[in-house]
J.: 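Quick one: the structure is below, and I'll ask about it shortly.
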Amino acid sequence: MDELDFSDDIAALRSTFADIRQVVDTERLESEIVRLSELAGAPDLWDDTDKAQKVTSDLSHRQAELAKITSISNRLDDLEIMVQLANEESDAQAAADARTELARITKLLGDLEVQTLLNGEFDQRPAVITIRAGAGGVDAADFAEMLLRMYLRYAEQHSYPTRVLDTSYAEEAGIKSATFEVDAPFAFGTLSVEAGTHRLVRMSPFNSAGKRQTSFAAVEVVPLIETTDVVEVPENDIRVDVFRSSGPGGQSVNTTDSAVRITHLPTGIVVSCQNEKSQIQNRAAAMRVLQSRLLLLQREQEAATKKEIAGVITASWGDQMRSYVLAPYQMVKDLRTEFEVNNPSNVFDGDLDGFISAGIKWRKRTIE
């Protein structure tokens with residue numbers, strides 16, 4: 001067996017890791033964990049449920065972030081030992097394990113390095129994602145449902161908790177729109193690069209002539225507000241409608257009018273929620289999403305940037321940011337970053353890391 005020599009690779013990884021630790025500021029992270037742990041241990045913590053949930057969530061997120069840093073440090077040390085043992089014993093299997101571990105650590109550090117680029121005002125927040133079918137009829141509704149599944153699978157693969165707030169089903173197939181939360185650190189900063197118009201080209205399963213069809217869907221990503229954010233929404237500025245929750249085909253899944261639709265009259269923003277058990281819960285969830293969108297709109301107006309984060313997404317020709325081509329060839333390509341893959345099945349199954357990393361780096365370059 002040829003002797004392994006990963007000294008240059010490991011040195012490069014350690015250099016990158018040192019830069020990441022500096023940006024993350026592990027000392028600050030540790031002091032935050034101590035502070036939050038003291039708050040979480042207070043006997044009267046759960047007297048205020050909202051505050052308690054925020055404290056425990058923040059503590060969990062920071063502990064996970066520190067654990068990731070500590071794990072990588074330990075794995076780099078272990079990797080050097082693995083290489084040494086593989087060379088001393090001329091063990092081919094140990095050498096293969098060392099190569100695999102080197103690749104895994106390289107990917108982990110690459111992902112962590114991209115996260116250090118997320119330093120925007122709301123980047124650390126959870127995200128609220130809305131998907132809407134655009135031009136393309138039934139194919140567009142089906143495409144919107146494919147995107148919903150894609151993002152939920154992506155979140156599942158990364159162990160990001162999700163909660164679907166509202167789904168509006170199309171008459172024939174697919175969905176008209178859907179809104180869901182991704183409750184994870186840096187979810188907004190990570191997924192905000194997915195905002196825009198997505199285009200699908202394929203042989204339509206809904207076309208009896210079997211012709212190629214182009215359809216569009218819009219993805220909007222906004223940060224989830226915290227209870228400390230103040231977005232006043234006067235009662236006379238909103239209209240609240242209640243209706244019966246429904247599933248595919250219009251079948252009733254609720255015996256009461258528990259679903260809630262809130263219309264913000266000054267801006268025309270409409271938010272609905274039907275997935276909670278009671279009207280009160282649905283109204284609270286819908287108000288939270290409405291406040292998130294109003295907060296975003298407020299920041300955009302203050303910065304005088306109409307498209308700073310969510311922008312105006314038309315979901316039609318000339319505005320697409322990514323193309324998913326299933327016929328006559330197989331390709332998914334991001335038109336901003338030029339990143340592309342030739343396996344759309346994996347992408348629709350949630351394999352978005354390459355696109356998201358490229359998008360974050362692209363956004364950083366365009367800002368600078």
Side-chain angles (χ1 to χ4, degrees), residues 118 120 122-123 125-136 139-158 160 162-170 174-184 186-201 214-224 269-272 289 292-293 296-297 300 306-325 332-337 339-341 344 347-360 362-363:
L118 303 178
F122 302 117
D123 282 352
R125 299 284 184 88
V128 178
I129 300 175
T130 298
I131 300 170
R132 297 187 182 87
D139 280 278
D142 188 51
F143 181 35
E145 188 168 40
M146 291 166 67
L147 291 179
L148 173 62
R149 178 184 179 275
M150 179 181 78
Y151 288 119
L152 291 177
R153 288 300 301 273
Y154 167 82
E156 180 184 349
Q157 291 167 16
H158 291 77
Y160 296 162
T162 59
R163 182 165 67 121
V164 178
L165 299 175
D166 179 60
T167 306
S168 175
Y169 293 92
I175 59 174
K176 296 177 182 177
S177 65
T179 299
F180 62 98
E181 289 182 11
V182 181
D183 184 13
F186 294 96
F188 173 69
T190 301
L191 291 167
S192 59
V193 296
E194 291 294 297
T197 298
H198 297 239
R199 180 179 72 137
L200 174 68
V201 180
T214 299
S215 54
F216 300 86
V219 176
E220 177 194 75
V221 185
V222 297
L224 185 65
I269 294 174
V270 180
V271 175
S272 58
V289 174
S292 293
R293 292 184 178 171
L296 181 65
L297 182 62
E300 289 177 339
K306 296 180 181 178
K307 287 188 173 183
E308 182 179 355
I309 303 177
V312 178
I313 304 169
T314 60
S316 60
W317 286 102
D319 194 40
Q320 62 268 18
M321 46 76 77
R322 184 178 302 154
S323 291
Y324 305 75
V325 182
V332 181
K333 182 174 182 178
D334 194 293
L335 306 179
R336 305 161 304 173
T337 66
F339 183 87
E340 64 179 78
V341 298
V347 175
F348 281 121
D349 209 31
D351 186 6
L352 294 171
D353 288 331
F355 288 99
I356 290 174
S357 294
I360 292 171
W362 167 82
R363 180 175 61 190

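Fair warning: this is a prediction, and the values are worked out from it, not measured in the lab.
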J.: Which residues pass the side chain to side chain contact (heavy atoms under 4.5 Å, CB included) test with D351, not counting sequence neighbours?
T.: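 Per chain and number, D351 pairs via side chain to side chain contact (heavy atoms under 4.5 Å, CB included) with N346.
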
J.: Quick check against the 3.5 Å criterion: does R149 have a side-chain atom that pairs as donor or acceptor with the backbone of F348?
T.: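 The answer is yes, because a donor-acceptor pair under 3.5 Å joins these two groups.
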
J.: Taking all non-hydrogen atoms of both residues, which atom of L191 and which atom of Y154 are closest, and how far apart?
T.: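 Looking at all heavy atoms of both residues, the shortest contact is CD2-CE2, 3.8 Å.
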
J.: Going from OG1 on T337 to CZ on R322, what distance comes out if it is rounded to the nearest 0.5 angstrom?
T.: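 That separation rounds to 7.5 Å.
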
J.: Verify, without hydrogens or angle tests, whether E220 (side chain) and R132 (backbone) share a donor-acceptor contact under 3.5 angstrom.
T.: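 Between the backbone of R132 and the side chain of E220 there is no qualifying donor-acceptor contact (under 3.5 Å).
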
J.: Looking at residues at least two apart in the chain, or sitting in another chain, which of them share a salt bridge (charged side-chain N to carboxylate O under 4.0 Å, His left out) with R163?
T.: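 Here the qualifying residues are E181, E276.
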
J.: Mind checking what makes ring pair (Phe, Tyr, Trp, His ring centres under 6.0 Å) contact with F339, not counting sequence neighbours?
T.: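 Partners of F339 by the ring pair (Phe, Tyr, Trp, His ring centres under 6.0 Å) criterion, ordered by chain and then number, come out as F355.
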
J.: For side chain to side chain contact (heavy atoms under 4.5 Å, CB included), just list the numbers for I360 and L118, CA-CA rounded to whole Å, side-chain angles, deciding distance to a tenth of an Å, and then say yes or no.
T.: CA-CA 8 Å; I360 292 171; L118 303 178; 3.8 Å; yes

J.: Which heavy atom in A141 sits nearest to a heavy atom in A170, and how many Å separate them?
T.: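 Where A141 meets A170 most closely, the heavy atoms are CB-CB, 3.7 Å.
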
J.: Looking only at atom types and distance, does a side-chain atom of T190 sit under 3.5 Å from a main-chain N or O of A187, one as donor and one as acceptor?
T.: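 Here the side-chain-to-backbone pair does not exist.
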
J.: If you define the side chain from C-beta out and look only at heavy atoms, does anything of I129 sit under 4.5 Å from V182?
T.: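 In short, these two side chains touch, coming nearer than 4.5 Å.
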
J.: If we only count heavy atoms from C-beta on, is the S323 to L335 side-chain gap below 4.5 Å?
T.: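 Yes. Closest side-chain heavy atoms under 4.5 Å.
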
J.: If you define the side chain from C-beta out and look only at heavy atoms, does anything of V221 sit under 4.5 Å from V128?
T.: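 No, too far: nothing below the 4.5 Å cut-off.
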
J.: Applying side chain to side chain contact (heavy atoms under 4.5 Å, CB included) to V222 and F122, what does each step give before you reach the verdict?
T.: CA-CA 9 Å; V222 297; F122 302 117; over 6 Å; no

J.: For D123 and F188, what are the C-alpha separation, side-chain angles and deciding distance, and is it a side chain to side chain contact (heavy atoms under 4.5 Å, CB included)?
T.: CA-CA 5 Å; D123 282 352; F188 173 69; 4.0 Å; yes

J.: Does the pair R363 and S192 meet the rule for a side chain to side chain donor-acceptor pair (under 3.5 Å), with working shown?
T.: CA-CA 10 Å; R363 180 175 61 190; S192 59; 2.5 Å; yes

J.: Do the side chains of L200 and D139 get nearer than 4.5 Å, heavy atoms only?
T.: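 The answer is no, as the side chains (C-beta and beyond) never meet within the 4.5 Å cut-off.
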
J.: Between the main-chain N or O of P223 and the side-chain N or O of S292, is there a donor-acceptor pair closer than 3.5 Å?
T.: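 Confirmed, S292 side chain pairs with P223 backbone.
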
J.: Compare all side-chain heavy atoms of M146 with those of Y324 and state whether any distance is below 4.5 angstrom.
T.: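 A side-chain contact is absent here, since even the closest heavy-atom pair is not under 4.5 Å.
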
J.: Quick check: does any side chain N or O of R293 sit under 3.5 Å from a backbone N or O of V271, one acting as donor and the other as acceptor?
T.: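 Pair absent, no side-chain N/O of R293 close to backbone of V271.
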
J.: Write down the atom of I356, the atom of E194, and the distance for their closest heavy-atom approach.
T.: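 Nearest heavy atoms, I356 then E194: CG1-OE2, 3.7 Å.
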
J.: Do I131 and F180 come within less than 4.5 Å of each other through their side chains, counting heavy atoms only?
T.: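 Answer yes - side chains close enough.
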
J.: Is the shortest side-chain heavy-atom distance between Y169 and I175 below 4.5 Å?
T.: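 Yes; the side chains approach each other to less than 4.5 Å.
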
J.: Can you confirm if the aromatic rings of H198 and F143 lie within a centre distance of less than 6.0 Å?
T.: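 Ring-ring flag for F143/H198: false, centres at least 6.0 Å apart.
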
J.: Less than 4.5 Å apart, side chain to side chain, heavy atoms only: is that true for D353 and Q157?
T.: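 They are not in contact (no side-chain heavy atoms under 4.5 Å apart), so the answer is no.
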
